[in-house]
*Asks:* 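Sending over a structure as structure tokens; questions will come in a sec.
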Amino acid sequence: MNRAITKALLDHYDREHRALPWRGCSDPYRILVSEVMLQQTRVQTVLAYYDAWLERFPDVEALADAETDEVLKAWEGLGYYRRARNLHGAARLIRERPDGGFPDTYARLRSLPGVGDYTAGAVASMAFGEAVPAVDGNVRRVLSRLFDEAKPPASWLRWKASELLDAERPGDWNQALMELGATLCSPRSPRCGACPVVEWCASHRAGTQEQRPAASVKAKPKKLRIELAVLEADGRFMLERRPSQGLLAGMWSFPEVGVGGSVLATIAERGLVATAHPAALPLVEHRFTHLHATYEPWLVTVATPDEGEGRAWIDPATSNDRAVPVAQQKVLALAHGHTAVASADPGALL
Ligand code: SF4
């Protein structure tokens, strides 16, 4: 049965697969970039970044040579920025390998930062033809349905994926399984009528496909309210570089008001002088993986902008080369709009 499933799905993949820029390529760097970008991110979103990234960092050497700011800026808007820092770290590690070559086995790839079981399996099979499975969320759903397994443990998934693997075409096979999960075997309303493996699908027979895999109980995201001091001087706004560890590490954001602190105290701590009372801007909501943040921005005009280490004054009307997280970009746009209205008509916001 396994051979029949494998053949039917591979034939279908050969006929129907979507043309994506990373398909049909065996360059491990390009495959790694696509796989890291696709983690927790939709294909459509990645398509808007992939080519631009490769133009800027065409190979491991170019990425390894880049500054962190440049890497984070190129990733700006893709979210989960740790992925960019890990990719950067991986490029630097690869460059330092004694033979200078790209790690060419699952085990060697697994030792790179940010490369887990799935990514190592995907790159090893697609770039080097190693017969290893690659189990992502799509593959988990397909296997769970194909064998009507409600709560498939990781070891079972790996075993089943290995059993079905086509040893001659492991890269295509892994992509065929993922493609089935991304297209026909979708989380809701799978299109079983068009599925190439429907005749072997146990959950289709049992009518349980929509309940497979069983929904897991997810922890509720923690809620956090963060006051921001949005400092403006001469039409520019002050951003600070975030610490190199933790949330949004190394990116640029507005100063946060510490617990029990105040906006004016935050300004004074930075040696700046407010020339007006803080004005409340609209709240900005943003969801991180395990966190739901509500940003509460306060706009304050300060005297002369003071440059300093880890500090930048941004003119929102011109492009800047610093990586600014999406929520902070929204705050910047709100602050810019507010000051533009205020300077055009000083009474409009009273
Ligand atoms: S028959 Fe339906 S549930 Fe089964 S693998 Fe195909 S699309 Fe998924």
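Because the structure is predicted, anything quoted here is derived from the model rather than measured.
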*Asks:* Rounded to the nearest 0.5 Å, what separates atom CZ in Arg322 from atom CG in Asp69?
*Replies:* 7.0 Å
*Asks:* Walk me through whether Glu35 and Arg30 qualify under salt bridge (charged side-chain N to carboxylate O under 4.0 Å, His left out).
*Replies:* CA-CA 9 Å; Glu35 290 301 335; Arg30 287 172 173 249; over 6 Å; no
*Asks:* Going from CG on Leu146 to NZ on Lys160, what distance comes out if it is rounded to the nearest 0.5 angstrom?
*Replies:* 8.5 Å
*Asks:* In chain order, what residues pass the salt bridge (Lys or Arg N to Asp or Glu O under 4.0 Å) check against Arg141, with sequence neighbours excluded?
*Replies:*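 For Arg141, no residue satisfies salt bridge (Lys or Arg N to Asp or Glu O under 4.0 Å) once neighbours in sequence are set aside.
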*Asks:* Under the side chain to side chain contact (heavy atoms under 4.5 Å, CB included) test against Pro278, which residue among Thr266, Val263, Leu231 passes?
*Replies:*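 For Pro278, the side chain to side chain contact (heavy atoms under 4.5 Å, CB included) check succeeds only for Val263.
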*Asks:* Got a second to check how far Leu165's CG is from Thr6's OG1, nearest 0.5 Å?
*Replies:* 8.0 Å
*Asks:* Is the shortest side-chain heavy-atom distance between Leu87 and Trp75 below 4.5 Å?
*Replies:*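 In contact.
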*Asks:* If you look at every heavy atom in Ala229 and Phe254, which pair is closest and at what distance?
*Replies:*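 Result for this residue pair: O-CB, 3.9 Å.
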*Asks:* Once side chain to side chain donor-acceptor pair (under 3.5 Å) is applied, do any residues pair with Glu285, and if so which ones, sequence neighbours excluded?
*Replies:*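 With sequence neighbours excluded, Glu285 shows a side chain to side chain donor-acceptor pair (under 3.5 Å) to His292, Thr294, given in chain and number order.
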*Asks:* For residues Thr105 and Ala124, report the shortest heavy-atom separation together with the two atoms involved.
*Replies:* C-CB, 4.3 Å
*Asks:* Counting neighbours of CZ on Arg287 that are heavy atoms of other residues, nucleotides or ligands and sit closer than 6.0 Å, is the number greater than 12?
*Replies:* no
*Asks:* Quick one: are Thr183 and Glu16 in side-chain contact, heavy atoms under 4.5 Å?
*Replies:*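 Heavy-atom side-chain distance check fails, nothing below 4.5 Å.
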*Asks:* Does the Arg83 side chain pair with the main chain of Met37, one donor and one acceptor, at a distance under 3.5 Å?
*Replies:* yes
*Asks:* Would you say Leu47 ends up clustered with Tyr49 if hydrophobic residues are merged whenever their side chains have heavy atoms under 4.5 Å apart, either directly or through other cluster members?
*Replies:* yes
*Asks:* Do the charged groups of Arg108 and Glu130 touch, with an N to O distance under 4.0 Å?
*Replies:*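 Result for this pair is no, no salt bridge flagged.
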*Asks:* Just do the side-chain contact (heavy atoms from CB on, under 4.5 Å) check on Glu179 and His12 with the steps written out, would you?
*Replies:* CA-CA 10 Å; Glu179 183 85 347; His12 178 265; over 6 Å; no
*Asks:* Minimum heavy-atom separation for Val273 and Ile267, please, with both atom names.
*Replies:*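 Residues Val273 and Ile267, closest heavy atoms: N-CG2, 4.3 Å.
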*Asks:* Test of understanding: with side chain to side chain donor-acceptor pair (under 3.5 Å), list the residues that count as partners of Glu199, not counting sequence neighbours.
*Replies:* none
*Asks:* Can you confirm whether Asp117 sits close enough to Val135 that some side-chain heavy atom of one is under 4.5 Å from a side-chain heavy atom of the other?
*Replies:* no
*Asks:* Only pairs at least two apart or in different chains count here, so list each salt bridge (charged side-chain N to carboxylate O under 4.0 Å, His left out) that has a residue in residues 37-48.
*Replies:* none
*Asks:* Without placing hydrogens or testing angles, list every side-chain donor-acceptor pair under 3.5 Å for residues 54-66, not counting sequence neighbours.
*Replies:*
| residue | atom | partner | partner atom | Å |
| --- | --- | --- | --- | --- |
| Asp59 | OD1 | Glu61 | N | 3.4 |
| Asp59 | OD1 | Ala62 | N | 2.9 |
| Asp65 | OD1 | Arg95 | NH1 | 2.5 |

*Asks:* Do the non-hydrogen side-chain atoms of Glu149 and Pro213 ever get within less than 4.5 Å of each other?
*Replies:* no
*Asks:* Measure up the Phe102 and Phe128 rings against each other and bin them: parallel (under 30°), tilted (30 to 60°), perpendicular (over 60°).
*Replies:* tilted
*Asks:* Which heavy atom of Gly89 sits nearest a heavy atom of Pro113, and at what distance?
*Replies:*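 Scanning both residues, the minimum pair turns out to be C-CG, 3.9 Å.
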*Asks:* Flag the pair Ile314 / Arg236 as yes when at least one side-chain heavy-atom distance between them is below 4.5 Å, and no otherwise.
*Replies:*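 No; the side chains remain at least 4.5 Å from each other.
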*Asks:* Donor-acceptor pair, Glu76 side chain versus Val324 backbone, under 3.5 Å?
*Replies:*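 Present.
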*Asks:* Are His286 and Phe288 close enough that their ring centres sit under 6.0 Å apart?
*Replies:*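 Aromatic pair counts; centres sit under 6.0 Å.
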*Asks:* Suppose we screen for ring pair (Phe, Tyr, Trp, His ring centres under 6.0 Å). Which residues come up paired with Trp22, at least two apart in sequence or across chains?
*Replies:* Tyr50
*Asks:* Counting N and O atoms only, with roles assigned by atom type, does the side chain of Ser144 sit under 3.5 Å from a partner on the main chain of Val142, one being a donor and the other an acceptor?
*Replies:* no
*Asks:* The test is side-chain contact (heavy atoms from CB on, under 4.5 Å); show your working for Leu228 and Val331 and say whether it passes.
*Replies:* CA-CA 9 Å; Leu228 298 177; Val331 173; 4.0 Å; yes
*Asks:* Under 4.5 Å between any side-chain heavy atoms of Leu180 and Cys195, yes or no?
*Replies:* yes
*Asks:* By side chain to side chain donor-acceptor pair (under 3.5 Å), which residues pair with Arg145, not counting sequence neighbours?
*Replies:* none
*Asks:* Gly121 and Asn174: which non-hydrogen atoms are nearest, and at how many Å?
*Replies:*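 Between these two residues, the closest heavy atoms are O-ND2, 4.2 Å.
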*Asks:* Could you list the residues that satisfy ring pair (Phe, Tyr, Trp, His ring centres under 6.0 Å) with His88, not counting sequence neighbours?
*Replies:* none
*Asks:* Among all residues two or more places apart in sequence or in another chain, which pass the ring pair (Phe, Tyr, Trp, His ring centres under 6.0 Å) test with Tyr13?
*Replies:* His17
*Asks:* Working to the nearest 0.5 Å, report the span between CZ of Arg15 and CG of Leu10.
*Replies:* 11.0 Å
*Asks:* According to a hydrophobic-cluster definition based on side-chain heavy atoms being under 4.5 Å apart (Ile, Leu, Val, Met, Phe, Trp, Tyr only), do Val43 and Val123 belong together?
*Replies:*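 Yes; Val123 is reachable from Val43 via cluster members.
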*Asks:* Test Thr119 against Asp136 for side-chain contact (heavy atoms from CB on, under 4.5 Å), laying out the working first.
*Replies:* CA-CA 9 Å; Thr119 307; Asp136 69 349; over 6 Å; no
*Asks:* If you look only at pairs with a residue in residues 201-218, which of them pass as a side chain to side chain donor-acceptor pair (under 3.5 Å), with sequence neighbours excluded?
*Replies:*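 The answer is Asp148-Thr208, Asp148-Arg212.
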*Asks:* Starting at CE of Met178, measure out to CH2 of Trp173 and round the result to the nearest 0.5 Å.
*Replies:*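 It is 11.0 Å, given to the nearest 0.5 Å.
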*Asks:* With sequence neighbours excluded, what pairs up with Trp298 under the side chain to side chain donor-acceptor pair (under 3.5 Å) test?
*Replies:* Glu227
*Asks:* Any heavy-atom pair between the side chains of Pro325 and Gln328 that's under 4.5 Å?
*Replies:*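 Yes. Closest side-chain heavy atoms under 4.5 Å.
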*Asks:* Can you name the closest pair of heavy atoms from Val230 and Pro297 and give their distance?
*Replies:* CG2-CB, 3.8 Å
*Asks:* Can you list the other members of the hydrophobic cluster that holds Tyr80, where links are side-chain heavy atoms under 4.5 angstrom apart?
*Replies:*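 Once heavy-atom contacts under 4.5 Å are chained together, Tyr80 still belongs with nothing else.
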*Asks:* Does the ring of Tyr118 carry Arg110 above it, NZ/CZ under 6.0 angstrom from centre and within 45° of its axis?
*Replies:* no
*Asks:* Met251, Val284: one ILVMFWY side-chain cluster at the under-4.5 Å cut-off?
*Replies:*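 Met251 and Val284: one cluster.
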*Asks:* Kindly say whether Gly235 contributes a backbone atom to a donor-acceptor pair with the side chain of Glu232 at under 3.5 angstrom?
*Replies:*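 It does hold such a pair.
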*Asks:* Given Lys222 and His290, is the side-chain contact (heavy atoms from CB on, under 4.5 Å) satisfied, shown in steps?
*Replies:* CA-CA 6 Å; Lys222 195 171 137 193; His290 304 298; over 6 Å; no
*Asks:* Is a side-chain donor or acceptor of Arg85 paired with a backbone partner of Ala249 at a separation under 3.5 angstrom?
*Replies:* yes
*Asks:* Heavy-atom distance under 4.5 Å between the side chains of Met238 and Leu272, does that happen here?
*Replies:* yes
*Asks:* Give, for atom CD of Gln39 and atom OG of Ser34, the distance between the pair rounded to the nearest 0.5 Å.
*Replies:*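 It comes to 10.0 Å.
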*Asks:* Output yes when a side-chain donor or acceptor of Arg225 lies under 3.5 Å from a complementary backbone atom of Tyr295, and no otherwise.
*Replies:*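 Side chain of Arg225 to backbone of Tyr295, a donor-acceptor pair under 3.5 Å: no, none is there.
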